[in-house]
Visitor: 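I am attaching a structure below and will ask some questions about it afterwards.
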Amino acid sequence: MKFFMIEQVFSQNIENWYRNNKRDLPWRHHPEPYFVWLAEIVFQQTQIAQGLSYYKRLLKAFPTVNALANAQQDEVLKLWEGLGYYSRARNLHLTAQILNSRKQLPQTAAEWLKLPGVGPYTAAAITSVCFGERVACVDGNVLRVIARTHFITDDIRKSTTVKTIQALVNSLIEYADDPGDFNQGLMEIGATVCKPKAPQCNRCPLQYECAFYRSEALPSAVPFKSKPQKRKVRHLHFYYSSKAEDVFLFKRNDKDIWGGLYVLPFEESNGKDCPSSTINASLIKKNTHLLTHQQIHYYIWDMESWYHSPVELKHFSRFVKGRDLPALPRPLQQFFNESFAKM
DNA sequence: AACCCGGGGTC
DNA sequence: GACCCAGGGTT
């Protein structure tokens, strides 16, 4: 008769389940650091279904660290256009240039952690999968799964709760056969079985180790997550000329939203009224764009010509309509698609 | 520790 | 409309 500690059962169940149930994802065929690093950056706060085509496009355009390092930032951002959280693309590019000057890529989480855009989660994911380092990945999935199995009811938005769970999984991974499989398995269970609203406990490999399953608790009760703050309301007035043959755009800085992307000249107002109410322009589009933390009411004003712009244009660049434009925020990307389609 | 940073999918 | 997502940086 052989006896196992609960931690051993836990990790073995995860790894065995993962080897039989893992999804077929591109970077899992050849888990090299560059492929895994790129994947981890693309899929930060991004579901697989949403980011997969972006990952493939980026890898095709930049098959190596060297290729990525030698690209222009605008090229990288253009391929990232629409995916959001654009600092990921800027830091990805910056880190590629740092790595490109070295002989080899880092092999420990501590070394990866020093690079821009690489935090505790990403560093652990890369080195556990590629080098078998025994460091736990704690993402949104892991927080939910562990909060349930161990019935942790603290607010998972609190950094103290994340630290508790990080320490807990770090102790569990000591018993793993393959730390990479353990980490990916735990996340995969969260993504495909232990879902937020309707967990499929009947097919979960941790069913008999799970305090949540044994309890009468509702899925919505564990994990507990405090309410997010309300969206900030903003009004943005963009200026455009449908008659002109060209477009004026400027590259935004890294502060505020859409850093590194290009936008039309615009002004912001506190209310709905256009700050330049005296200009001779007609409203051609009005809509609302929702971000996680902002509700953006945007207005696009059609001017007779760029000469009528209320915004100084000397720092803007001209682009020909219909030609390839640089990376744009979603609202402007949509607007140009609509308006150029009619031309 | 709190706040900022996107966009799409789901119920 | 509320909530979720293979998080990280800044203040």
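In the text below, chain A, chain B and the rest are named by the order of the sequence lines, each starting its count at 1.
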Visitor: Pair A:Asp154, A:Lys158 - check salt bridge (charged side-chain N to carboxylate O under 4.0 Å, His left out), show working.
Guide: CA-CA 8 Å; A:Asp154 301 325; A:Lys158 296 257 180 194; over 6 Å; no

Visitor: Does any residue of residues 128-149 of chain A have a heavy atom under 4.0 Å from DNA chain C, and if so, which ones, in number order?
Guide: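 Residues of residues 128-149 of chain A that come under 4.0 Å of DNA chain C are, in numerical order, A:Asp139, A:Gly140, A:Asn141, A:Arg144.
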
Visitor: Which residue pairs satisfy the side chain to side chain donor-acceptor pair (under 3.5 Å) criterion with at least one member in residues 110-123 of chain A, sequence neighbours excluded?
Guide: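 Of all non-adjacent pairs touching residues 110-123 of chain A, those that pass side chain to side chain donor-acceptor pair (under 3.5 Å) are A:Glu40-A:Tyr121, A:Gln44-A:Thr122, A:Glu111-A:Lys114.
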
Visitor: Of all residues at least two apart in sequence or in a different chain, which pass the ring-ring contact (aromatic ring centres under 6.0 Å, His included) check with A:His293?
Guide: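 If we apply the ring-ring contact (aromatic ring centres under 6.0 Å, His included) test to A:His293, skipping adjacent residues, there are no hits.
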
Visitor: May I have all residue pairs that pass side chain to side chain donor-acceptor pair (under 3.5 Å) and include part of residues 189-200 of chain A, sequence neighbours excluded?
Guide: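 Every pair satisfying side chain to side chain donor-acceptor pair (under 3.5 Å) with a residue in residues 189-200 of chain A: A:Gln200-A:Arg203.
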
Visitor: Output yes when a side-chain donor or acceptor of A:Glu133 lies under 3.5 Å from a complementary backbone atom of A:Ala109, and no otherwise.
Guide: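 Such a contact is found between A:Glu133 side chain and A:Ala109 backbone.
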
Visitor: Establish, from distance only, whether the side-chain atoms of A:Glu188 and A:Tyr18 form a donor-acceptor pair under 3.5 Å.
Guide: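 On atom types as modelled, these side chains do not qualify, holding no pair under 3.5 Å.
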
Visitor: Can you give one letter per nucleotide of nucleotides 3-11 of chain B, going 5' to 3': B for a protein heavy atom under 4.0 Å from the base, S for sugar-phosphate only, - for none?
Guide: SSBBBB---

Visitor: Which residue pairs pass the salt bridge (charged side-chain N to carboxylate O under 4.0 Å, His left out) test when at least one of the two sits in residues 74-96 of chain A, sequence neighbours left out?
Guide: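 Applying salt bridge (charged side-chain N to carboxylate O under 4.0 Å, His left out) to every pair that reaches into residues 74-96 of chain A, excluding sequence neighbours, yields A:Asp74-A:Lys251, A:Lys78-A:Glu81, A:Arg90-A:Asp254.
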
Visitor: Of all nucleotides in DNA chain C with an atom under 4.0 Å from a non-hydrogen atom of chain A, which is the first and which the last going 5' to 3'?
Guide: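 Listed 5' to 3', the contact boundaries are C:dC3 to C:dG9.
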
Visitor: Pull out every residue in residues 164-192 of chain A that has a heavy atom closer than 4.0 Å to any atom of DNA chain B, ordered by number, or say none.
Guide: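 Nothing qualifies; none.
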
Visitor: Restricting to side-chain contact (heavy atoms from CB on, under 4.5 Å), what partner residues turn up for A:Arg231, sequence neighbours left out?
Guide: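 In terms of side-chain contact (heavy atoms from CB on, under 4.5 Å), with neighbours along the sequence ignored, A:Arg231 is linked to A:Leu290, A:Gln295.
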
Visitor: Which residues pass the side-chain contact (heavy atoms from CB on, under 4.5 Å) test with A:Arg318, not counting sequence neighbours?
Guide: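 With sequence neighbours excluded, A:Arg318 shows a side-chain contact (heavy atoms from CB on, under 4.5 Å) to A:Asp246, A:Phe248, given in chain and number order.
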
Visitor: Kindly write out the residues that satisfy side-chain contact (heavy atoms from CB on, under 4.5 Å) with A:Ala89, not counting sequence neighbours, or none if the list is empty.
Guide: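 Residues passing side-chain contact (heavy atoms from CB on, under 4.5 Å) with A:Ala89: A:Val76, A:Leu77, A:Trp80.
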
Visitor: Taking the C1' atom in each of B:dG8 and C:dG9, what is the distance between them to the nearest angstrom?
Guide: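 Pairwise C1' distance, B:dG8 against C:dG9, rounds to 23 Å.
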
Visitor: Select base, sugar-phosphate, or nothing to describe what A:Val118 touches, counting heavy atoms under 4.0 Å on all strands.
Guide: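 If one applies the 4.0 Å heavy-atom cut-off, A:Val118 turns out to touch the sugar-phosphate alone, with no base involved.
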
Visitor: Is the gap between the ring centers of A:Phe335 and A:Tyr298 under 6.0 Å?
Guide: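 When the ring centroids of A:Phe335 and A:Tyr298 are compared, they turn out to be at least 6.0 Å apart.
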
Visitor: Using a 4.0 Å heavy-atom cut-off, does A:Lys195 contact any base of the nucleic acid, only the sugar-phosphate backbone, or nothing at all?
Guide: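 The residue A:Lys195 makes no contact with any strand.
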
Visitor: Salt bridge (charged side-chain N to carboxylate O under 4.0 Å, His left out) for A:Glu268 and A:Lys232? Distances and angles first, verdict last.
Guide: CA-CA 13 Å; A:Glu268 185 161 4; A:Lys232 186 167 76 173; over 6 Å; no

Visitor: Please enumerate all residues that pass side-chain contact (heavy atoms from CB on, under 4.5 Å) together with A:Pro219, with sequence neighbours excluded.
Guide: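 With neighbours one apart ignored, the set is A:Arg148, A:Pro199, A:Phe212.
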
